[in-house]
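None of the values given here were measured: they were computed from a predicted structure.
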Amino acid sequence: MEPKATRLRRGEGPRGEQEDRPSGEGSTEKDRGLDLVQWTRHMEVVKTQLLEHAQGQLTELLDRAMWEAVRSYPPQGGPLPSTPPDSLSKGREPSPGKRKIFIIRKSLLDELMEVQHFRTIYHMFIAGLCVFIISTLAIDLIDEGRLMLEFDLLIFSFGQLPLALMTWVPMFLSTLLVPYQVLRLGARPRAGGAWVLRAGLGCVLLVAHTVGLCALPVLVALKYQLPPASRCILVFEQVRLLMKSYSFLREALPGTLCARVGEGMQAPSFSSYLYFLFCPTLIYRKTYPRTPNVRWNYVAKNFAQALGCVLYACFILSRLCVPVFANMSWELFSTRVPGTRAPWCLSIMARHPLPGIFMLLLIFFAFLHCWLNAFAEMLRFGDRMFYRDWWNSTSFSNYYRTWNVVVHDWLYSYVYQDGLWLLGGRARGAAMLAVFLVSAVVHEYIFCFVLGFFYPVMLILFLVIGGLMNFMMHDRHTGPAWNVLMWTMLFLGQGIQVSLYCQEWYARRHCPLPQTTFWGLVTPRSWSCHT
C-alpha cells in the first residue's frame with residue numbers, strides 16, 4: 001500500500017479525511033507555498049554563487065594549464081621560464097596568469113544571432129529604423145512636395161578625405177619602421193660602448209617617432225581645417241598607432257634587455273609585427289590563434305552594416321539635431337525659453353537623450369562589432385571578443401570593463417598592472433584612478449581634436465561623474481533595478497553630451513572671436529554668445 005502522504009498529494013486520500021479537513025488548513029498550505037517560493041529563490045541564488053565560484057576556479061586552472069603549455073614551447077634563443085605564475089606576482093613582470101590570453105571565439109552578437117529569437121529582435125530593430133526613415137521622408141514629401149534626400153552633412157563631414165589618408169601614410173610608416181628598428185638595436189650583443197651608443201640612438205628615434213606621430217595630425221588638421229569625420233580618422237589612427245607602438249616595445253623589449261651581457265636575443269619577426277599593426281587588438285603577441293579560412297561574404301556583410309550605421313547616424317544628426325541647433329537661436333543663447341521659466345539648456349537637453357543613445361548604439365555596432373570583425377575575418381584573427389555583454393551591466397565598473405574590451409585590455413595590462421608593480425602591489429585605488437585619468441584625458445583629447453574646440457564635457461562626465469559611479473555602483477549590486485539605473489544614466493549622459501557639444505559647435509559659428517586669444521579658445525563660447 002502507498003503511504004498516506006503519497007495518497008494525499010495525489011488527491012486520493014480517504015473521503016472522510018478530505019471532508020473533515022479544518023478550514024484553517026487552507027491558510028497553512030498557502031504559507032507553505034510562499035515558503036516554497038522563497039526557498040526556491042534562495043536555492044537559485046546559491047546555485048548562481050556556486051557556478052560563479054566554479055567558473056573562477058576553472059578559469060584559474062585553465063590559465064595555469066595554458067601557461068604550462070606555453071612553457072613547453074619556448075621562443076628560439078630565449079630563456080625557458082621556470083617560475084609558475086603565482087610566484088611571479090612580486091617580481092619584475094606582472095603575473096603571467098593575468099596576462100591577456102587569446103583563444104578562438106566568436107563575438108557575442110554573432111553568437112546571439114544564431115538564436116532565432118534574438119535574430120528576430122534584430123530584424124525588428126532594422127524594421128523600426130526603416131519605418132523611421134520612410135515616415136520622415138513622407139513628411140518631407142507632404143510638407144515640401146518633394147523628397148528631401150540631402151547628403152550635405154555626410155559630404156561636409158568626410159571632406160578632404162584624400163588629404164587625411166595621405167597624412168596617415170607617414171604616420172603608419174613611422175610606426176612600422178621605428179619601433180621595430182629600436183628593438184633590433186636592443187637585441188644586438190651588449191659588448192663595449194657600442195651598445196650604449198645604440199641605446200642612445202634608439203631613444204632618439206623613439207622620441208622623434210612619438211613627437212612626429214603626435215604633432216603631424218594636429219598640424220594638418222589645423223592648417224587645412226579638416227572636417228570632423230576626416231579628423232576622426234586621423235585621431236583614431238594616431239591613438240591606435242601610439243598604443244600599438246607602446247605594447248610592442250613593452251612586450252618585446254624587456255626580454256631583450258634581460259639577455260646576458262655579450263649575448264644577443266632574436267627579435268620578433270617583422271611579419272609578426274606587421275600583422276600586429278593591422279589585427280584588431282592592442283596587445284602584442286608573436287602569434288595569435290588563427291581561423292582556417294576567410295569568409296568574404298561575412299566581410300562584405302560587416303562593411304555594409306558599418307556603412308549603413310554611418311548613413312543612419314548622419315540621418316539622425318541632420319533630422320533631429322541640426323534643425324534644432326541651427327535655426328532656433330533663442331533656445332541656444334538666451335537665458336530662458338520665451339514664455340516659460342525653464343532655462344534654455346534644460347529645454348534642449350530634455351530633447352536629445354534618444355539621439356544620444358542612438359549614436360552610442362550605432363558607434364558600438366559599427367565599430368566594435370562590424371568594423372573589427374571585418375578586419376579580424378580578413379586577417380583570420382581568431383579571438384573576436386571585442387566586447388562583452390555590457391548591456392546587462394548593473395554597475396558602471398562592469399560597464400567600463402565590458403564596453404570596449406580591446407582598450408580595456410591595454411589599460412589593464414599597461415596602466416593598472418604596471419602601476420601596481422611600480423607601487424609594490426599596494427594602492428589599488430591609485431592604480432584604478434590612474435586608469436580613469438588616462439582614459440578620460442584621451443577621450444577628451446579625441447573630442448577636442450574632432451570638434452576643433454576645447455569643451456571638457458567628456459572629461460567631467462567620464463572622470464568625475466563616471467569615477468564616482470564606478471565606486472558607488474560596484475559589482476555587489478546585481479538586481480534588475482541597478483541595470484535600469486545604469487541605462488537611465490547612459491540616456492541622460494548621452495543627451496547631455498549631444499546637447500552641449502552641438503550648442504558649442506553652433507555658438508562658435510554664430511559668435512566668432514574678433515581676436516584669437518588663448519582664453520578665448522579654451523572658454524566655452526555658448527556661455528557668452530547672444531544672437
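Here Thr394 contributes atom OG1 and Met486 contributes atom CE; the two are 8.5 Å apart, rounded to the nearest 0.5 Å. A distance of 11.0 Å separates CG of Leu485 from OG of Ser395, quoted to the nearest 0.5 Å. Distance check, rounded to the nearest 0.5 Å: OG1 of Thr281 to OH of Tyr275 gives 10.0 Å. If you take CG on Leu213 and CZ on Phe172, they are separated by 12.0 Å, rounding to the nearest 0.5 Å. The CZ atom of Arg388 lies 8.5 Å from the CZ atom of Arg401; values are rounded to the nearest 0.5 Å. For the atom pair CE (Met458) and CG (Leu451), the distance works out to 10.0 Å, reported to the nearest 0.5 Å.
Side-chain atoms of Tyr180 never come within 3.5 Å of backbone atoms of Leu274 as a donor-acceptor pair (strictly under, hydrogens ignored). Between the side chain of Ser499 and the main chain of Gly495, a donor-acceptor pair closer than 3.5 Å is present. Distance alone, capped at 3.5 Å, is enough to place a donor-acceptor pair between the Ser247 side chain and the Leu282 backbone. Checked by atom type and distance alone, the side chain of Asp409 never pairs as donor or acceptor with a backbone atom of Phe386 at under 3.5 Å. A donor-acceptor pair under 3.5 Å is formed between the side chain of Arg285 and the backbone N or O of Lys100. Trp168 contributes no side-chain N or O that, together with a main-chain N or O of Glu237, makes up a donor-acceptor pair within less than 3.5 Å. A donor-acceptor contact shorter than 3.5 Å is absent between the side chain of Asp389 and the backbone of Asn392. Side-chain atoms of Gln305 do not come within 3.5 Å of backbone N or O of Cys370 as any donor-acceptor pair. At distances below 3.5 Å, at least one donor-acceptor pair connects side-chain atoms of Ser107 with backbone N or O atoms of Arg384. A donor-acceptor pair under 3.5 Å is formed between the side chain of Tyr501 and the backbone N or O of Tyr455.
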**Request:** Apply salt bridge (charged side-chain N to carboxylate O under 4.0 Å, His left out) to the pair Arg295 and Glu377, showing each step before the final yes or no.
**Result:** CA-CA 7 Å; Arg295 299 169 295 172; Glu377 186 67 28; 3.1 Å; yes
**Request:** Determine, step by step, whether Leu317 and Leu153 satisfy the side-chain contact (heavy atoms from CB on, under 4.5 Å) criterion, reporting the C-alpha distance in whole Å, the side-chain angles of both residues, the deciding distance to 0.1 Å, and the verdict.
**Result:** CA-CA 8 Å; Leu317 290 175; Leu153 181 61; 3.6 Å; yes
**Item:** Step-by-step side-chain contact (heavy atoms from CB on, under 4.5 Å) determination, Thr210 to Val207
**Value:** CA-CA 5 Å; Thr210 304; Val207 171; 5.9 Å; no
**Item:** Verdict with reasoning, Tyr284 to Ser272, per side chain to side chain donor-acceptor pair (under 3.5 Å)
**Value:** CA-CA 9 Å; Tyr284 172 75; Ser272 68; 3.3 Å; yes
**Request:** Start with the C-alpha distance between Leu183 and Tyr273, add both sets of side-chain angles, then the distance that settles side-chain contact (heavy atoms from CB on, under 4.5 Å), and finish with yes or no.
**Result:** CA-CA 11 Å; Leu183 186 67; Tyr273 177 56; over 6 Å; no
**Leu108 and Trp391: CA distance, side-chain angles, deciding distance, side-chain contact (heavy atoms from CB on, under 4.5 Å) verdict** = CA-CA 12 Å; Leu108 184 55; Trp391 48 85; 3.5 Å; yes
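Summarising the geometry of Cys309 relative to Ala366, their closest heavy-atom pair is CB-CB, 3.6 Å, with the distance given to 0.1 Å. Of all the heavy atoms in Thr291 and Arg380, the pair that sits closest is O-NE, 2.6 Å. The minimum heavy-atom distance between Leu461 and Gly493, with the atom names listed, is CD1-O, 4.0 Å. For Leu226 against Arg231, the heavy-atom pair with the smallest separation is O-NE, 2.8 Å. Between Ala440 and Leu463, the closest heavy-atom pair is CB-CB, 3.8 Å. The nearest pair of heavy atoms linking Leu163 to Thr167 is O-OG1, 2.8 Å.
Residues Leu360 and Trp403 have side chains in contact (heavy-atom distance under 4.5 Å, counting atoms from C-beta outward). Counting heavy atoms from C-beta on, the side chains of His408 and Thr402 never come closer than 4.5 Å. The side-chain heavy atoms of His443 and Leu459, taken from C-beta on, include no pair separated by under 4.5 Å. Counting heavy atoms from C-beta outward, Met171 and Gln238 have side chains that approach closer than 4.5 Å. With contacts defined as side-chain heavy-atom distances shorter than 4.5 Å, the pair Leu109/Asn373 does not qualify. Using a 4.5 Å cut-off on side-chain heavy atoms (C-beta onward), Ile121 and His117 make no contact. Phe375 has its side chain within reach of Phe303: a pair of non-hydrogen atoms, C-beta onward, lies under 4.5 Å apart. Between Glu114 and Lys106 there is a side-chain heavy-atom pair separated by less than 4.5 Å.
A perpendicular orientation is assigned to the rings of Trp505 and Phe156, their planes being inclined by more than 60° (bins at 30° and 60°). Under the 30°/60° scheme for interplanar angles, the aromatic rings of Phe315 and Tyr312 are found to lie parallel. Using cut-offs of 30° and 60° for the angle between ring planes, the Tyr288 and Phe276 rings count as parallel. Ring planes of Trp390 and Tyr399: perpendicular class, angle over 60° (limits at 30 and 60°).
Both the sub-6.0 Å distance and the 45° axial angle are not jointly satisfied by Lys244 relative to the ring of Phe248.
Each of Phe364, Phe365, Phe367, Tyr400 was evaluated against Tyr387; a single residue qualifies, Phe364, per the ring-ring contact (aromatic ring centres under 6.0 Å, His included) test.
Shown here is Met166, whose CE atom has no more than 12 heavy atoms of other residues, nucleotides or ligands within 6.0 Å. In Trp371, the CH2 atom is not crowded: 12 or fewer heavy atoms of neighbouring residues, nucleotides or ligands sit closer than 6.0 Å. Heavy-atom contacts from other residues, nucleotides or ligands closer than 6.0 Å to OH of Tyr224 number 12 or fewer.
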